[in-house]
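Each chain gets a letter, A, B and so on, in the order its sequence line appears, and its residues count up from 1.
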Amino acid sequence: MTDTVPAVDASKPVVARFCPSPTGNPHVGMARTALFSWAFARHHGGKFVFRIEDTDASRDNQESYDLLVDVMRWLGLDWDEGVEVGGDHGPYRQSERMDVYADVAQRLLDAGLAYKAYDTADELEERREAARAEGRPSGYDGLHRDLTPEQQAAYEAEGRKPVIRFKMPAKDWTFDDLVRGPITFGADNVQDFVIVRANGQPLYTLTNPTDDALMGITHVLRGEDILSSTPRQIALYEAFAQIGVGDGSTPRFGHLPYVMGQGNRKLSKRDPESNLLGYREQGFLPEGLLNYLALLGWSLPAVDGVERDVFGLAELVEAFEVSRVNPNPARFDLAKCEAINGDHIRLLPVEEVAERLLPYFQTAELIGTPADDAQVALLAAAAPLVHERIAKLTEAVDMLRFLFVDDDDFTIDEADAAKNLDEKGQGTARAARDALAELKTWDTASIEAALRASLVDGLGLKPRLAFGPVRVAVTGSRISPPLFESLELLGRSRTLARLSAVL
RNA sequence: GCCCCGUUGGUCUAGCGGUUAUGACGCCGCCCUCUCAAGGCGGAGAUCGCCGGUUCGAAUCCGGUACGGGGUACCA
C-alpha cells in the first residue's frame, strides 16, 4: 500500500498535536479531533504533543484543565510531550508562555511585519458596513497600516491604545489540505488581523502558530471551523521564517469535519450527548467510544472486500490514513455508539468485564470500597450472565442488583408483579419454593431440573409461564439474567425467602 | 453582501469511468430460547442534491445551480 504521508519535508518525522482550550466540559467533538491527530502521529511513528491554550482568562478554568487531562488518560490517548509530562519545548500551557508571545509580537513589529492600529470599534464597524454595502469583503481595510510616527503619537495623545495587526502580504493563498485537497483564498479576502489586543493580551491568532512553530509541529489536524483562518497562519509562518521563530517551515493542515447533533447543528457543549465524562459514567468503554468516534469521518479499509467497523486502537493506528478522512459532517448517533460499545464489551474476556464492572458497582454502593473478596468473587461469577446482554457497563448494575442488594432494600417492579404474581403466579411461586426447598444439590442443573419437574411437568405450565413468576419474585423484574444460574448465585436461603415473601 | 467547505437509504459509510450501488446502526419477519440479550437467516429502505456537458458508458470527470454549514471579532 502506498503511504500517502503528506510531509512538509519527507526527512522530518511527524509531530502532531492536540491543543484544546480548557473551557467547560470536554466534549466528543474534541475527543474525535484528539483521536485523529493522535492516530496520525502514531501511524507515522511520530510524536504527539498535548498543549493547553488557556490565553482567555475570562473563559478558562482549572477544573476544566484537570478534566481534559483526566479524560485524555481515560481514553488512552497518550502524549510524548506536553502538560503533566513535560518535554523540550515547555511550558505547555499558554498562560505560562506570555513572555514568548510578547517577544514574538515585538519582533514582528520591529521587522515591519506587523503594525499598531488605533481604530476604535465604532470606526471599524462603520467601515465594515460600508464595505459590505458595496459588495466588498468586510475585513480590515488597512487604514492604519502605514501610519507615520507623528500620526501614531497623535492617537496615543488622544489616549487610544493600539492593537497589533499582522500585515498580510498581498498575494493569493493556496494550501493542500490533508483531507480536502487544494484550497485557495484570494488576496482580497484575507486582511490584516489582530494578533495582540489593546490590553496587551495575545490572541489565538498569534499564540497558536507561535507554539506550533516553536514546538516543531509538522501536521495540524483540527476542526473545519477554523479552516478559513489557515491563510493567516501560513502567512505568519512565512513571517516567522524571516524573524527566526521556529525552523522556518510551515506545517501541513488538515481540517476535520464537524460532529453534528440533532438537526443541522454542530454538536454543542449543551447537548447531553456531547459530554465526554457522561460516557464514562454511563459505562462506555474507552475503546468502544473511540471506535465509534473514528467512524465519524473515517473507516477501516476493506480487506478482501470485507468491511469491518468494529476494531481496536491498534488496528486504527495501523490503518489510519488522513487521506481517507471524509470531509463531510457526520451526525452523532447514540444508538450506534452503544451498539459498537456492546460489541467491544463482548470482545473482552469475561474476567476483564468483571474487573471493569467493579467500580460501577462501587459507585452504585452495591459493593463496598474497598471491596471484600466475597463480593468480588460474586461479581466474577455473575459477569458471564450479563456479558452478552449489555451495551454499557452500567446496565450490568441494574441487571445484577438483586444479587448484591441488602435483603431489606430488595424491591419488585410493581407492574411486573401485577402481571406475574397474581393468584395463579403465586401458586407457581409456592410450587417452586416447595420444590427448591427439598433440593439436595444447589447448582444450576439441579435447580433447573427441579423447577421443570415441578412446574412444567407437575403443573403442566408452558416454560415461559412457569418461570415468569419465579423470575419476578426472585430478581424483582420480568427481565433478568438467566434464571437458574441466577438462583444458584443467589443461594438457597435467599431464594426461598424471596419466594416466600410474595405468597 | 463577500470568502471557504460540504451534498450516496432515517443515520454513519464503501465506491476513484462499466457493480443487481458496499457494509454497519436502526426498523420488520423468522430461527434459537426460561425473560432479555447475544447469535443465525431473510426483508423493506438510495432514480448517488439538481441541471447540463464530456464519454460507447458517469455516483465517479467538467461547468453551472440549489440547499446546508463555517468564516467574515480586540472568540477559538
Is it true that [X] and [Y] make a salt bridge, defined as a side-chain N closer than 4.0 Å to a carboxylate O?
| X | Y | answer |
| --- | --- | --- |
| K392(A) | E338(A) | yes |
| R128(A) | E125(A) | yes |
| D119(A) | R127(A) | yes |

Just call it for [X]: base, sugar-phosphate, or nothing, with non-hydrogen atoms closer than 4.0 Å on any strand.
| X | result |
| --- | --- |
| R165(A) | sugar-phosphate |
| R346(A) | sugar-phosphate |
| R136(A) | base |
| V163(A) | base |
| A339(A) | sugar-phosphate |
| T55(A) | sugar-phosphate |

Please tell me which of the listed nucleotides, [options], lies nearest to the side chain of [X]?
| X | options | result |
| --- | --- | --- |
| I479(A) | C3(B), U35(B), U72(B) | U35(B) |
| E388(A) | G69(B), C25(B), A38(B) | A38(B) |
| D333(A) | U13(B), G6(B), C25(B) | C25(B) |
| S228(A) | C34(B), G71(B), C12(B) | G71(B) |
| R331(A) | C12(B), U13(B), A24(B) | C12(B) |
| R452(A) | C34(B), C74(B), A76(B) | C34(B) |
| L203(A) | C2(B), C75(B), G70(B) | C75(B) |
| R132(A) | U72(B), U35(B), C4(B) | U72(B) |
| S138(A) | U13(B), G1(B), A76(B) | G1(B) |
| Y258(A) | C2(B), U35(B), G70(B) | G70(B) |

Who is the Watson-Crick or G-U wobble partner of [N], with both distances under 3.5 Å?
| N | result |
| --- | --- |
| G68(B) | C5(B) |
| A14(B) | none |
| C41(B) | G29(B) |
| U20(B) | none |
| C61(B) | G53(B) |
| C75(B) | none |
| C36(B) | none |

Roughly how many Å apart are [M] and [N], using the [atom1] atom of each and rounding to a whole number?
| N | M | atom1 | answer |
| --- | --- | --- | --- |
| U8(B) | U13(B) | C1' | 9 Å |
| C61(B) | C30(B) | C1' | 46 Å |
| C12(B) | A66(B) | P | 24 Å |
| G71(B) | G9(B) | C1' | 32 Å |
| U60(B) | G15(B) | P | 15 Å |
| C48(B) | A58(B) | P | 12 Å |
| A21(B) | C28(B) | P | 27 Å |
| A38(B) | C25(B) | P | 10 Å |

With respect to the phosphate group of [N], does any side-chain polar atom (N or O) of [X] fall under 4.0 Å of OP1 or OP2?
| X | N | value |
| --- | --- | --- |
| R324(A) | U13(B) | no |
| R128(A) | C2(B) | no |
| N326(A) | A14(B) | yes |
| T23(A) | A76(B) | no |

Check whether any side-chain heavy atom of H255(A) lies under 4.5 Å from a side-chain heavy atom of R222(A), and answer yes or no. yes

Minimum side-chain heavy-atom gap S21(A)-D54(A) below 4.5 Å: no

Does V194(A) have any side chain to side chain contact (heavy atoms under 4.5 Å, CB included) partners at least two apart in sequence or in another chain, and if so, which? V163(A), R165(A), L203(A)

Contacts of type side chain to side chain contact (heavy atoms under 4.5 Å, CB included), residue A114(A), not counting sequence neighbours: L108(A), L109(A), I164(A), I195(A)

Give the rounded distance in Å between these two atoms: [atom1] of [X] and [atom2] of [N].
| X | N | atom1 | atom2 | result |
| --- | --- | --- | --- | --- |
| D413(A) | C36(B) | CG | C1' | 14 Å |
| D172(A) | C4(B) | CG | C1' | 14 Å |
| E321(A) | A14(B) | CD | C1' | 17 Å |
| N189(A) | C5(B) | CG | C1' | 14 Å |
| R127(A) | G1(B) | CZ | C1' | 19 Å |
| E307(A) | A14(B) | CD | C1' | 4 Å |
| F311(A) | G23(B) | CZ | C1' | 13 Å |
| D343(A) | G23(B) | CG | P | 17 Å |

Where each residue is assigned the nucleotide of RNA chain B containing its nearest heavy atom, which of F484(A) and P327(A) is assigned the position nearer the 5′ end? P327(A)

Assert: residue with more 5' nearest nucleotide on RNA chain B, out of V179(A) and P482(A), is V179(A)

Base C36(B) to side chain R389(A), donor-acceptor N/O within 3.5 Å cut-off: yes

Taking atom types as modelled, find out whether E485(A) and T444(A) have a side-chain donor-acceptor pair closer than 3.5 angstrom. no

Between F166(A) and F193(A), how do the two ring planes meet: parallel, tilted or perpendicular, split at 30° and 60°? tilted

